[in-house]
Amino acid sequence: MSELAGDRPVPVSEDYPVVIIDDHELFSTTLTMALRNEGFDARTLAVPDIRLFMDRPTPHLAGLAVLDLDLGRDAEGQYLHGADLVDGLRAAEWKVLVVSGSMDQPGIAAAIAAGAIGSVPKSRSFDVLLRTVMTAAAGGQVMTEFEHREWLDRHRRYLAQERELSRRLARLSSREREVLELLAAGMRAATIAEHFVVSMPTVRTQIRSLLAKLEVSSQLEAVALLRQLPDPRERSRRSS
């Protein structure tokens with residue numbers, strides 16, 4: 001986050017709406033009440049109501065959406081990653097400020113590439129977080145051009161890394177992929193042979209083959225590659 005949020009007084013706007021989109025009730029309620037105390041029209045949006053909110057007509061004065069990245073599951077049980085919502089919010093003319101309780105740099109990069117105006121970690125003091133939100137809600141800048149370019153560069157690197165990883169993993173046969181996943185789960189070759197009811201030489205051949213296809217020299221490296229894959233819940237935010 002840029003230090004711009006603390007550079008100048010924040011003008012108060014009583015009719016500029018701020019919507020807090022976060023599945024952590026204590027955080028969203030505390031931030032909402034603090035913003036109201038500062039004169040902002042702030043409200044909390046529950047995760048099950050996100051789809052309805054996104055589908056409704058754009059209000060006359062769209063304002064600022066303070067968007068968490070890890071939103072849990074929606075009313076249909078589908079996992080929601082905040083970065084996947086940025087395009088829709090921007091299309092509805094909402095500005096988007098990302099907040100995150102995790103070090104999800106790929107997610108932040110994806111959100112900023114989609115049009116978010118900046119990010120602030122929940123690990124910062126509440127005063128800093130509140131002032132950043134107030135600055136953004138009042139139309140102030142919370143990210144420098146240099147920071148913006150850095151995030152876009154990171155996003156491109158993350159996508160390139162994921163494409164290369166997917167290219168390597170796509171070489172594996174379905175059985176080799178299963179063997180790799182069992183290795184990642186901590187199984188030894190002997191246990192894998194018992195699991196598939198095959199001989200040890202067969203499993204060793206499969207392991208040598210998958211190592212060659214992944215262009216690595218050890219099982220540890222192969223497992224490390226597999227673990228670089230984004231969580232399936234985060235698929236869409238990393239694929240654009």
Side-chain angles (χ1 to χ4, degrees), residues 1-5 17-24 27-28 31-32 35 42-47 49-51 53-55 58 62-74 78-124 128-163 228-240:
M1 185 202 70
S2 168
E3 294 300 324
L4 290 172
V18 181
V19 174
I20 314 298
I21 306 176
D22 194 299
D23 66 331
H24 299 91
F27 171 81
S28 56
L31 181 57
T32 298
L35 287 165
R43 65 205 68 177
T44 300
L45 180 66
V47 171
D49 298 330
I50 289 175
R51 298 299 183 192
F53 175 80
M54 298 284 287
D55 291 340
T58 303
L64 176 72
V66 179
L67 179 65
D68 191 16
L69 291 182
D70 185 359
L71 294 170
R73 299 186 181 275
D74 63 14
Q78 295 181 329
Y79 180 80
L80 285 177
H81 192 283
D84 295 337
L85 304 181
V86 176
D87 279 334
L89 290 166
R90 294 294 299 124
E93 300 182 10
W94 289 88
K95 294 190 299 182
V96 179
L97 177 68
V98 171
V99 295
S100 177
S102 66
M103 295 301 292
D104 183 6
Q105 295 225 341
I108 295 171
I112 290 175
I117 63 172
S119 69
V120 57
K122 290 181 179 178
S123 59
R124 299 295 294 269
V128 169
L129 193 148
L130 175 61
R131 189 158 190 85
T132 303
V133 174
M134 290 170 61
T135 298
Q141 186 179 2
V142 296
M143 179 172 57
T144 66
E145 286 297 324
F146 176 77
E147 289 170 326
H148 185 248
R149 288 194 300 271
E150 278 196 323
W151 279 115
L152 295 183
D153 286 343
R154 287 179 196 171
H155 182 57
R156 285 189 286 268
R157 289 197 298 271
Y158 291 137
L159 291 181
Q161 291 167 2
E162 188 172 322
R163 283 192 294 267
Q228 288 176 32
L229 278 177
D231 190 300
R233 300 174 304 175
E234 304 175 8
R235 172 200 50 76
S236 59
R237 71 161 175 85
R238 296 279 303 271
S239 61
S240 57

Measure the [atom1]-[atom2] distance between [X] and [Y] for me, rounded to the nearest 0.5 Å.
{"X": "Phe146", "Y": "Glu150", "atom1": "CZ", "atom2": "CD", "value": "3.5 Å"}
{"X": "Leu130", "Y": "Thr135", "atom1": "CG", "atom2": "OG1", "value": "9.0 Å"}
{"X": "Arg43", "Y": "Ile20", "atom1": "CZ", "atom2": "CD1", "value": "10.5 Å"}
{"X": "Leu31", "Y": "Met134", "atom1": "CG", "atom2": "CE", "value": "10.5 Å"}
{"X": "Arg149", "Y": "Leu152", "atom1": "CZ", "atom2": "CG", "value": "9.5 Å"}
{"X": "Thr32", "Y": "Asp22", "atom1": "OG1", "atom2": "CG", "value": "9.0 Å"}

Work out which heavy atom in [X] is nearest to a heavy atom in [Y]; give both atom names and the distance.
{"X": "Pro121", "Y": "Leu129", "value": "O-CD1, 4.0 Å"}
{"X": "Trp94", "Y": "Ala65", "value": "CE3-N, 4.0 Å"}
{"X": "Ala116", "Y": "Val98", "value": "CB-CG2, 3.9 Å"}
{"X": "Leu69", "Y": "Ala111", "value": "CD2-CB, 4.5 Å"}
{"X": "Ala136", "Y": "Leu97", "value": "CB-CD2, 4.3 Å"}
{"X": "Gly118", "Y": "Val142", "value": "CA-CG2, 4.2 Å"}

Test item: [X] and [Y] side chains (from C-beta on) under 4.5 Å apart, heavy atoms:
{"X": "Leu89", "Y": "Ile21", "result": "yes"}
{"X": "Lys122", "Y": "Asp68", "result": "yes"}
{"X": "His148", "Y": "Ile112", "result": "yes"}
{"X": "Leu71", "Y": "Leu85", "result": "yes"}
{"X": "Leu64", "Y": "Val133", "result": "yes"}
{"X": "Arg131", "Y": "Val128", "result": "no"}

Inset, instruction - Before giving the answer on side chain to side chain contact (heavy atoms under 4.5 Å, CB included), spell out for Arg156 and Asp153 the whole-Å C-alpha distance, their side-chain angles and the decisive distance to 0.1 Å. - result: CA-CA 5 Å; Arg156 285 189 286 268; Asp153 286 343; 2.3 Å; yes
Inset, instruction - Could you go through the side chain to side chain contact (heavy atoms under 4.5 Å, CB included) check for Val96 and Arg90 one step at a time? - result: CA-CA 7 Å; Val96 179; Arg90 294 294 299 124; 4.2 Å; yes
